[in-house]
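Okay, structure first, notes after.
Atom set for the values below is all heavy atoms of this structure, side chains included, hydrogens, waters and symmetry mates excluded.
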Amino acid sequence: MSNVRIITDDTQFSSELTNAGTRLVIADFFATWCGPCRQIAPKFAEFSASYSKALFLKVDVDQCPETAQGQGVTAMPTFIFYRNKVKIDSLRGADPGALEEKIRKWYQEDEEEGEGDIPVKGHMDLSSFINKSQCECLNESDDHPLAHAFAAKGGFLESDCDEQLIINIGFNQAVKIHSMRLEAPADKGPKTVKLFINQPHTLDFDQADGMAPVQQIDLTPEDMREGAVIPLKFVKFQNVQSITLFVKDNQAGSENTQIDYLTFLGSPVCTTNMQDFKRVAGKKGESH
């Protein structure tokens with residue numbers, strides 16, 4: 001059964017994006033006269049039933065010209081992916097295989113988080129904005145690298161030579177960070193963590209130890225239990241391109257520090273603003 005919603009005017013599109021919140025949205029920008037659009041339409045409907053936690057929209061570019069122009073749609077079909085009103089990916093052309101591959105990529109986060117699992121109202125998990133190529137961890141174990149801590153299930157990050165870690169995480173666009181989730185064992189989890197933002201390069205241990213941080217957190221085992229949220233000084237994390245964590249020690253004073261899961265909660269600085277859309281021609285209500 002299809003779960004596709006048909007968008008018939010620009011106001012409706014804006015409303016659907018707002019109401020979706022952190023839910024994944026896939027919009028099919030199509031035209032009734034477009035042959036490839038008609039060919040892929042049945043597959044799009046199938047995907048809407050298979051990936052039921054996502055919101056599937058069909059946007060007729062002739063009925064919603066402002067939306068189409070504002071989203072940079074110049075060919076049909078164009079599929080655009082959104083989360084929290086932010087464009088996170090797109091695909092041009094009627095390729096069912098490529099479309100489902102992208103749906104699976106972004107849908108996986110909803111599956112891992114669980115339906116309705118929004119830990120901080122008004123904020124989203126920023127995992128999809130992390131640029132893995134700009135992430136680095138100093139003193140990580142070969143068998144337990146930083147990448148393992150980005151997955152909610154399976155694997156963990158562990159320090160190698162001593163208890164200290166320096167974790168640098170880059171984002172693919174500027175974000176506001178409200179809080180973080182750091183899950184770890186009660187004995188081997190971090191204790192003192194210094195946070196830095198927008199460093200031009202990864203800090204070394206001497207630099208991190210000597211510099212004044214944007215914020216220092218003194219964690220307890222309760223802070224690191226599954227699902228716990230660690231609030232940050234939101235006003236100081238309003239335009240973050242990268243964040244660096246210096247883990248100075250751990251709870252038990254042992255040689256190895258372990259982090260099972262690490263993510264941040266917040267919102268992107270730039271979101272889709274329907275007020276910024278320009279009309280294709282004339283004023284609303286006029287014939288073109």
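Judged as a ring-ring contact (aromatic ring centres under 6.0 Å, His included), and not counting sequence neighbours, F196 has no contacts. Remark: F79 pairs with F44 by the ring-ring contact (aromatic ring centres under 6.0 Å, His included) rule, at least two apart or across chains. Residues meeting the ring-ring contact (aromatic ring centres under 6.0 Å, His included) test with H178, sequence neighbours left out: H123, F234.
Crowding of K191 atom NZ: a count of heavy atoms from other residues, nucleotides or ligands under 6.0 Å not exceeding 12.
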Verdict with supporting geometry, Y51 and Y107, ring pair (Phe, Tyr, Trp, His ring centres under 6.0 Å): CA-CA 7 Å; Y51 302 94; Y107 189 83; 5.1 Å; yes
From CA spacing to verdict: side-chain hydrogen bond (donor to acceptor under 3.5 Å, both in side chains), T8, Q12: CA-CA 7 Å; T8 57; Q12 184 185 0; 3.2 Å; yes
Does S141 form a side-chain hydrogen bond (donor to acceptor under 3.5 Å, both in side chains) with D160? I'd like the steps, not just the answer. CA-CA 5 Å; S141 164; D160 187 17; 5.2 Å; no
Does the pair R92 and T74 meet the rule for a side-chain hydrogen bond (donor to acceptor under 3.5 Å, both in side chains), with working shown? CA-CA 9 Å; R92 181 183 293 183; T74 57; 3.0 Å; yes
What's the verdict on side-chain hydrogen bond (donor to acceptor under 3.5 Å, both in side chains) for E226 and Y261, showing C-alpha distance, side-chain angles and the deciding distance? CA-CA 9 Å; E226 184 175 354; Y261 182 57; over 6 Å; no
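Residues I217 and M180 have side chains in contact (heavy-atom distance under 4.5 Å, counting atoms from C-beta outward). Using a 4.5 Å heavy-atom threshold, the side chains of I259 and F156 count as separate.
Rounded to the nearest 0.5 angstrom, I169 CD1 and F129 CZ are separated by 15.0 Å. In this structure, Y82 OH and S90 OG are separated by 9.0 Å, a value rounded to the nearest 0.5 Å.
In summary, E16 and R5 engage in a salt bridge, as defined by a charged side-chain N under 4.0 Å from a carboxylate O. Comment: R104 does not engage E101 in a salt bridge, judged by the lack of any side-chain N to carboxylate O separation of less than 4.0 angstrom.
Considering all non-hydrogen atoms of both residues, N3 and S48 come closest at N-OG, 2.8 Å. Listed here is the closest heavy atom pair of K85 and L17: CG-O, 3.7 Å.
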